[in-house]
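Here's the structure we're looking at; comments come further down.
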Amino acid sequence: MPPYLHTFICARTKLSKVRLVATFILIASSFTLFGCSSVHQSSDTPKEQDNTSTLATTYPDDQIKELLEAEFSLQREGPSQAFLPFYKITQKTKDKALAERLVHIAVASQNNTNIEKSTDLLISISPNDEQAYALKLQMLMQSNRPNDASAVIVTALKKGISIKFLPLFIDKNIRNNDLMNTVAATLKQLPNEDHKNLFIKASDARVQFSSGNYQSAIQTSSELLANKNTTDTEPLFLILAYSQDQLGNKNTAISSIEKGRARFPQSTRLLTPLLEFLVQSKQLDKASKTYKEAKLNHVDRIQAGINFSNTLLSNGYPGAALSTLNQLPEKQYGFEGQIHYLIANALSDLGKKGQAIKEMNKVTGILNTHATNQIALWLYDEDQEKQINNMVLQRTSREHIPEVVTAICRLHEEKKHNDLSLELLRKTLQIYPQSDALRYRKALLEDTMGNWKNTIVELKFLLHKSPQNTQYLNALGYTLLTHTHDTTKAMSYIEKAYQQDPEDPAIVDSLGWGFFLQDKLSRASFYLKKAWDILNDAEIGAHYGEVLWQQKANQQAIDIWKEALSNNPNNTLLLETIKRLHPSLLENNQSEIKDN
């Protein structure tokens, strides 16, 4: 959903991170936009108090009827259909409460035009409504309309309306490059006089930092911090310190953060980068002391400890990380998964893979999939790869089976253990026989391992369930092409797939190769060229080159093979084709690689 639609939503979210990254997310992560509305950005009907009992004393009979009809429309058809009738009745009544509700309905409709019309109407009824200006401005920025956005800011400033929401909005979207470009263009169009406004200046500092103009960010944030009228100074210390760090002045950055912590001693947002800077500058004792002496509540201490341990691990201090993690409070308020995960990584970095695997097995929750993948990697390191499949099936819930099993199969195949990949797929399908994605993967793997008859059985099973599936049709046709003499049957599957998706390069390649096997070289060349033009794939290149070779277009075939080799020098089919038809190309290619 578009971020500006959160304007009317009150929420404060704490994000838990496994690997800490030194970015400006530290500023953005703890902010929410102003306001405390309960309207959520969804298609659900906004919930409102039932005011029908007071209608008779508020509106004349004809307007009561219109309002009830609009209300019924909202309940029956949702906010998109209800917007227009509510808009019309609000225009007539000029009622502020009704205008505010209209804005809520516009937000729920997810329609920019509705949002703009509703905020304009609310402003016409209540010219100093700060939230209306905020929502309209953010919608304009999200829509990449800097000219209109700057005009809204100028109008708001002229009316004396606070724009404190603007720097908060920027903080929330600091990682969105396109949006930040729009914000920068908006601010650039403001009159010079407006840049004296403290909230505009605070916004300037953020834009300067985001665009990499660190020297200007330092100057602007320093001026703001020196001004006693500046509010919300905590993020300014972060802008200042991170800008200094980006310019290579880490000690100065540490000093800036320490000044900020003197003003905000309980701030974890300031503590985290301070610990990061200290670790990066190899001041481990000072970092450890700073963390231990920080005035934090129980939950913040755990979160700060996790972040600190992350930093220590990322900078090559697993022993210090393990010590910090082991000293965390016993009651961990739902952070157990992250803590086990980090302890396991610290043990692994210390060379204790066996203990690391046991610890990682304790990880559950949102990190469960990451933990499973990591255990599999460590089991390979320990030459215990045969334990992986049972571990995966024991740890993985039904809803995550397809993605986890696919990832582990890929790992097995990268490690040249297709047998383990096939074993995992077979075991999984015994438990979850309805997983078509895994059955399709098994079908392709069976073919790779020479079990093409099993491939045909699996593909026919899948086609029985989904007879129009182009992937299944093409795969079955191609398997029949390459392993049987039933070319006519094979082509019937491929042609059916092609009729449905004539631009899929895999299908076009199969069709071209089928014509080649039928000795229809002109048609084969036409379709294989089409496939190659869509995708320069190694196998397509192998096929297309062979057809050209048979047509005596030898140099063109060599050019295709050279390009295919440059993209994928280890493709089995490509190498076999060139070795069979023009082996000297491989010798020349190897010589060129050595020379380079």
For [X] and [Y], which heavy atoms make the closest approach, and how far apart are they?
| X | Y | value |
| --- | --- | --- |
| L274 | R261 | CD2-CD, 3.6 Å |
| L247 | Q215 | CD1-OE1, 3.5 Å |
| F86 | A70 | CE1-O, 3.4 Å |
| A287 | V279 | CB-CG2, 4.1 Å |
| R395 | T372 | NE-OG1, 2.9 Å |

Kindly compute the distance separating [atom1] ([X]) from [atom2] ([Y]), expressed to the nearest 0.5 Å.
| X | Y | atom1 | atom2 | answer |
| --- | --- | --- | --- | --- |
| L121 | K94 | CG | NZ | 6.0 Å |
| Y133 | L122 | OH | CG | 10.0 Å |
| L328 | E336 | CG | CD | 11.0 Å |
| E359 | S348 | CD | OG | 12.0 Å |
| H370 | I366 | NE2 | CD1 | 8.0 Å |
| D245 | L238 | CG | CG | 12.0 Å |

Could E69 and K88 be called an ion pair, given the rule that one side-chain N must be under 4.0 Å from one carboxylate O?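 K88 and E69: not salt-bridged.
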Ion pair check, K286 and E258, cut-off under 4.0 Å: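 Answer for the salt bridge query: yes.
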Do [X] and [Y] have side-chain atoms, one donor and one acceptor, less than 3.5 Å apart?
| X | Y | answer |
| --- | --- | --- |
| N249 | T252 | no |
| Q244 | S256 | yes |
| Y341 | K362 | no |
| N297 | D300 | yes |
| D204 | T220 | no |
| E276 | T272 | no |

Donor-acceptor pair, [X] side chain versus [Y] backbone, under 3.5 Å?
| X | Y | result |
| --- | --- | --- |
| S126 | I123 | no |
| S288 | L284 | no |
| R206 | A202 | yes |

Using residues 400-408 as the side-chain source, report each donor-acceptor pair under 3.5 Å to any protein atom, sequence neighbours left out, with the distance given to one decimal.
residue, atom, partner, partner atom, Å
H400, ND1, S397, OG, 3.2
T406, OG1, P402, O, 2.6

Listed partners of S255 passing side chain to side chain donor-acceptor pair (under 3.5 Å), at least two apart: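 Result, side chain to side chain donor-acceptor pair (under 3.5 Å) vs S255: none returned.
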Test side-chain contact (heavy atoms from CB on, under 4.5 Å) applied to P146 and V183, T186, N181, the passing residue: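 Among the candidates, only T186 passes.
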Going through the distances and angles, do K164 and T231 end up as a side-chain contact (heavy atoms from CB on, under 4.5 Å)? CA-CA 9 Å; K164 62 185 179 185; T231 58; over 6 Å; no
Checking R269 against E234 for the side-chain contact (heavy atoms from CB on, under 4.5 Å) test, could you report, in this order, the C-alpha distance in whole Å, the side-chain angles of both residues, the deciding distance, and whether it holds? CA-CA 9 Å; R269 287 196 299 155; E234 187 180 2; 2.8 Å; yes
On the six-membered ring of F237, is K259 placed so that its NZ or CZ lies under 6.0 angstrom from the centre and within 45° of the ring axis?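 Judged by the rule (NZ or CZ under 6.0 Å from the ring centre, within 45° of its axis), K259 is not positioned above F237.
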What about the rings of Y317 and F308, do their centers lie closer together than 6.0 Å?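 They do not qualify: ring centres at least 6.0 Å apart.
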Check whether the ring centres of F165 and F169 lie less than 6.0 Å apart, and answer yes or no.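 No, they do not, as the ring centres are separated by 6.0 Å or more.
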Does CD belonging to E399 count more than 12 external heavy atoms closer than 6.0 Å?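 Atom CD in E399 is crowded, with more than 12 foreign heavy atoms closer than 6.0 Å.
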Would you find more than 12 non-hydrogen atoms of other residues, nucleotides or ligands less than 6.0 Å from K188 atom NZ?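 Counting other residues, nucleotides and ligands, NZ of K188 stays at 12 neighbours or fewer.
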Start with the C-alpha distance between R76 and E71, add both sets of side-chain angles, then the distance that settles salt bridge (Lys or Arg N to Asp or Glu O under 4.0 Å), and finish with yes or no. CA-CA 9 Å; R76 290 194 308 265; E71 186 66 40; over 6 Å; no
